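For reference, the structure discussed in these notes is given below.
As the structure is a prediction and not an experimental result, all values here were calculated from the model. The figures here come from the full heavy-atom set of this structure, side chains too, leaving out hydrogens, waters and symmetry mates.
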Amino acid sequence: MITSITYSIAFIFGLAMISKLMGKSKPTFQKAGYSTASMYIVAVLQAILTAGLFTQYYALCSAIGLLLIMAGVFYTLIKIKETWQSYILAVLVTVLLVALVSLSVIKQINKI
């Protein structure tokens, strides 16, 4: 279960990272008043945190870091007054991340 959720999250963040690195997210970042450099910083953070999901020791921290990125996504969506359809993927990813964090914590508690 944890593995399939991890791969789903990695796929979604991988696509988001590629979109940013190719500059396709630039209009959204500009509309929100963010610099182009911040777009690339977020892409690098997404890459590092997504890779961290596949490590034994950093998976939980990486998932929490990605949840913080998602908080920024929601802040930006609200800031630029996007339509409700724009929130669907953000909500889906957030639910997957919360499920991953919850299952990881439960797994660690059961090991003790």
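- Linking ILVMFWY residues whenever their side-chain heavy atoms come closer than 4.5 Å, directly or via other members, places L100 and V105 in the same cluster.
- Under the 4.5 Å side-chain heavy-atom criterion for Ile, Leu, Val, Met, Phe, Trp and Tyr, F13 and L92 are members of the same hydrophobic cluster.
- Checked by atom type, the side-chain pair Y34/T76 shows a donor-acceptor distance below 3.5 Å.
- Annotation for V93 and M70: closest pair CG1-SD, 3.8 Å, computed over non-hydrogen atoms.
- In this structure, S25 and K20 approach most closely via the heavy-atom pair OG-CG, 3.7 Å.
- A continuous path of hydrophobic side-chain contacts links V98 to I109 [ILVMFWY only; heavy atoms under 4.5 Å].
- Classification of the F54-Y7 ring pair by plane angle, with boundaries at 30° and 60°, yields tilted.
- The two residues L77 and A90 have their closest heavy-atom pair at CD1-CB, 4.2 Å.
- A chain of hydrophobic side-chain contacts below 4.5 Å, direct or via other Ile, Leu, Val, Met, Phe, Trp or Tyr residues, connects V95 to I5.
- To the nearest 0.5 Å, atoms OG1 (T83) and CD1 (I88) are separated by 8.5 Å.
- Between the side chain of S8 and the main chain of S4, a donor-acceptor pair closer than 3.5 Å is present.
- Residue A32 comes nearest to I80 through the heavy atom pair CA-CG2, 3.5 Å, listed as atom of the first residue, atom of the second, then distance.
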Apply the test side-chain contact (heavy atoms from CB on, under 4.5 Å) to residues I12 and L96: give CA-CA distance (whole Å), side-chain angles for both, the deciding distance (0.1 Å), then the verdict.
CA-CA 11 Å; I12 294 167; L96 286 172; 4.2 Å; yes

Checking T36 against F29 for the side-chain contact (heavy atoms from CB on, under 4.5 Å) test, could you report, in this order, the C-alpha distance in whole Å, the side-chain angles of both residues, the deciding distance, and whether it holds?
CA-CA 7 Å; T36 303; F29 272 75; over 6 Å; no

Which is it for E82 and K31 under the side-chain contact (heavy atoms from CB on, under 4.5 Å) test, yes or no, and what are the steps along the way?
CA-CA 11 Å; E82 283 289 333; K31 185 177 178 183; 3.6 Å; yes

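- In terms of heavy atoms, F74 sits closest to V91 at CZ-N, 3.8 Å.
- Distance check, rounded to the nearest 0.5 Å: CD of Q46 to CD1 of I18 gives 10.5 Å.
- Across A63 and L97, no two heavy atoms sit closer than the pair O-CD2, 3.9 Å.
- Contact annotation: the side chain of V101 approaches that of I64 to within less than 4.5 Å [non-hydrogen atoms, C-beta and beyond].
- By the 6.0 Å contact criterion, NZ on K79 is enclosed, its count of non-hydrogen atoms from other residues, nucleotides or ligands being greater than 12.
- Clustering ILVMFWY residues whenever any of their side-chain heavy atoms sit less than 4.5 angstrom apart, transitively, puts I69 in a cluster other than the one holding M17.
- For the atom pair CG (L103) and CD (Q108), the distance works out to 11.5 Å, reported to the nearest 0.5 Å.
- Side-chain atoms of S38 come within 3.5 Å of backbone atoms of S35 as a donor-acceptor pair (strictly under, hydrogens ignored).
- Here the CG atom belonging to L53 is positioned 11.5 Å from the OG1 atom belonging to T3, to the nearest 0.5 angstrom.
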